[in-house]
Amino acid sequence: MGPRRILEFFALALRFSLVCSQGNAVVSIPVRDTFVLPPTFVSNYSQKFVDTVVPNGTVENLLLQAQNATYITYDAEFSAIIGSSPQIQLLAGPLDVGFAYEAGVYIPGQNLVWFTGAEIDGPGRVVMAINLTDHEVYKPKLTEPVITANGGSYYEGKVYITHFGNRTYAGGVVAIDPLTGETTTLVNSYFGVRLNGPDDVIWAERGENRAMFFTDVDFASALNLTGPPALPNAVWRFDPQAESLQAVIPRSDISKPNGIAVSPGYTKLYITDTPLSGLQGMGPGNTTGSAAVYVYDLDDTLTPVGKRLFSIARTGVPDGIKVDKRGRIWTGEGEGIVVRNDGGKVLGTFNARTLLEDKNSHLANFAFADDRLIVLAVNQIWSIQLAQVVGWTSDS
Ligand SMILES: *[C@@H]1O[C@H](CO)[C@@H](O)[C@H](O)[C@H]1NC(C)=O
Ligand SMILES: *[C@@H]1O[C@H](CO)[C@@H](O)[C@H](O)[C@H]1NC(C)=O
Ligand SMILES: *[C@@H]1O[C@H](CO)[C@@H](O)[C@H](O)[C@H]1NC(C)=O
Ligand SMILES: *[C@@H]1O[C@H](CO)[C@@H](O)[C@H](O)[C@H]1NC(C)=O
Ligand SMILES: *[C@@H]1O[C@H](CO)[C@@H](O)[C@H](O)[C@H]1NC(C)=O
Ligand SMILES: *[C@@H]1O[C@H](CO)[C@@H](O)[C@H](O)[C@H]1NC(C)=O
Ligand SMILES: *[C@@H]1O[C@H](CO)[C@@H](O)[C@H](O)[C@H]1NC(C)=O
């Protein structure tokens with residue numbers, strides 16, 4: 001199916017999409033109920049917190065109500081983010097293909113979100129876009145191959161996308177001009193050795209210094225898309241001025257580095273670790289790693305220092321990660337999009353159960369579009385109007 005067919009397909013799907021008025025409830029759960037329950041409670045990591053069975057009482061009723069609520073609040077700060085009556089709108093889908101999965105890159109000034117997902121009937125994962133004005137979904141025309149596209153971010157007018165490549169074409173990090181589709185490879189080799197599969201990318205700056213950080217992980221090989229991994233998994237730092245590509249975080253610190261994000265002001269670097277044998281497997285797994293977020297300080301040379309464990313996912317793995325304008329950390333996890341303050345406290349959750357049509361699929365990523373949250377819900381895309389501006393870029 002060519003780009004034109006895809007456009008027609010989406011246009012058709014769009015005509016049937018309706019503004020969603022169901023499942024838009026807000027349920028507030030006292031935060032105490034997240035850490036102390038009647039001791040005969042029963043749950044496990046393959047269920048969600050709201051599925052926890054507790055002896056009769058208010059907790060159980062609240063959890064039951066929360067099962068189908070889109071917004072689960074544990075803190076007044078989350079209530080302030082969503083406002084008193086949050087509005088949710090289905091922008092695209094549902095389709096029978098997982099077209100909206102990773103990245104989630106808002107392009108300021110154009111009211112566009114770029115993302116990555118499966119092509120309608122093509123193999124692999126491609127770069128896609130949604131126009132937030134008319135909800136048209138399309139495949140931007142790029143000037144170089146981007147093969148099994150994954151994470152991405154926006155920096156100074158360009159969209160940066162990571163891709164795994166295939167057996168004969170090296171993956172790497174590309175910079176794309178969103179106006180022209182002009183695509184340039186920045187990094188795809190370490191002295192002639194292929195990267196395993198760059199997964200996500202983010203830029204940071206301090207004074208005159210600029211550095212691009214990206215995660216490199218062996219999922220492409222596990223998915224049989226490339227040959228065996230040739231390098232240890234790592235977080236890499238590319239300095240375009242010094243023309244230096246260096247690994248800065250080893251696999252002994254983060255075993256399966258995945259999502260990566262910086263705080264406004266570029267003082268902190270957050271990385272998700274997804275150390276499961278199956279990429280979307282659930283539970284603690286047989287590994288010494290944790291399904292966790294780690295935080296580093298970025299020192300004056302933009303070097304990550306002072307690793308701390310920031311959070312552990314209650315359900316599934318933390319995948320996509322973004323830091324909002326006020327320094328709060330949002331991650332795509334088994335529970336949904338989980339929002340934490342910079343101290344690591346969970347403030348609230350956008351519930352995966354109501355956002356995903358296929359309850360067994362995995363909500364990996366999302367975008368901040370100023371005061372809207374764009375949810376890449378696998379076979380559909382939601383827009384949630386928030387009561388605060390959460391998005392930021394280096395230009396604002
Ligand atoms: C978790 O609990 C559910 C419901 O009781 C059960 O079906 C499932 O097998 C349990 N999973 C694990 C990993 O124990
Ligand atoms: C819950 O309440 C029902 C009805 O009052 C009762 O039959 C049941 O035993 C209670 N369950 C527990 C765990 O207390
Ligand atoms: C949640 O929604 C599902 C599907 O519509 C429904 O079957 C279930 O009864 C609802 N649960 C509650 C607690 O309302
Ligand atoms: C988005 O859609 C609007 C309305 O159709 C259109 O005016 C605008 O040019 C589109 N934006 C882009 C970047 O194509
Ligand atoms: C890898 O991708 C390149 C560029 O799209 C293509 O020409 C080549 O046939 C692909 N190789 C394999 C083994 O699929
Ligand atoms: C991996 O991919 C190769 C080439 O596409 C194929 O020949 C092989 O059967 C695949 N291996 C597995 C285990 O699926
Ligand atoms: C975990 O994996 C190691 C290495 O493959 C194996 O020796 C060990 O038995 C496994 N443990 C469990 C609990 O599965």
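Values below: all heavy atoms of this structure, side chains included; hydrogens, waters and symmetry mates excluded. Just follow the structure's listing: the first ligand is 1, and inside any ligand the first atom is 1.
- The aromatic rings of Tyr155 and Trp203 sit parallel, their planes meeting at an angle under 30°, below the 60° perpendicular limit.
- Residue, atom and distance of the protein heavy atom nearest to atom 5 (O) of ligand 1 are Gln47 NE2, 4.3 Å.
- The heavy atom nearest to atom 6 (C) of ligand 3, out of those in Asn68, Leu64, Val50, Asn61, is found in Asn68.
- Under the 30°/60° scheme for interplanar angles, the aromatic rings of Phe350 and Phe78 are found to stand perpendicular.
- Screening Asp218, Asp273, Asp216, Asp319 for a salt bridge (Lys or Arg N to Asp or Glu O under 4.0 Å) involving Lys256 leaves a single residue, Asp218.
- Scanning the protein heavy atoms around atom 12 (C) of ligand 6, the nearest turns out to be Asn224 ND2, 3.2 Å.
- Among all non-hydrogen protein atoms, the one lying nearest atom 1 (C) of ligand 1 is Asn44 ND2, 1.5 Å.
- Checking atom 9 (O) of ligand 3 against the protein gives no heavy-atom contact under 4.0 Å.
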Original post:
Between Arg353 and Glu335, is a salt bridge (charged side-chain N to carboxylate O under 4.0 Å, His left out) present by the stated rule, with each step listed?
Top reply: CA-CA 8 Å; Arg353 182 157 300 151; Glu335 297 276 307; over 6 Å; no

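- If you take CD1 on Ile82 and CD1 on Ile72, they are separated by 10.5 Å, rounding to the nearest 0.5 Å.
- For atom 14 (O) of ligand 3, the nearest protein heavy atom lies closer than 4.0 Å.
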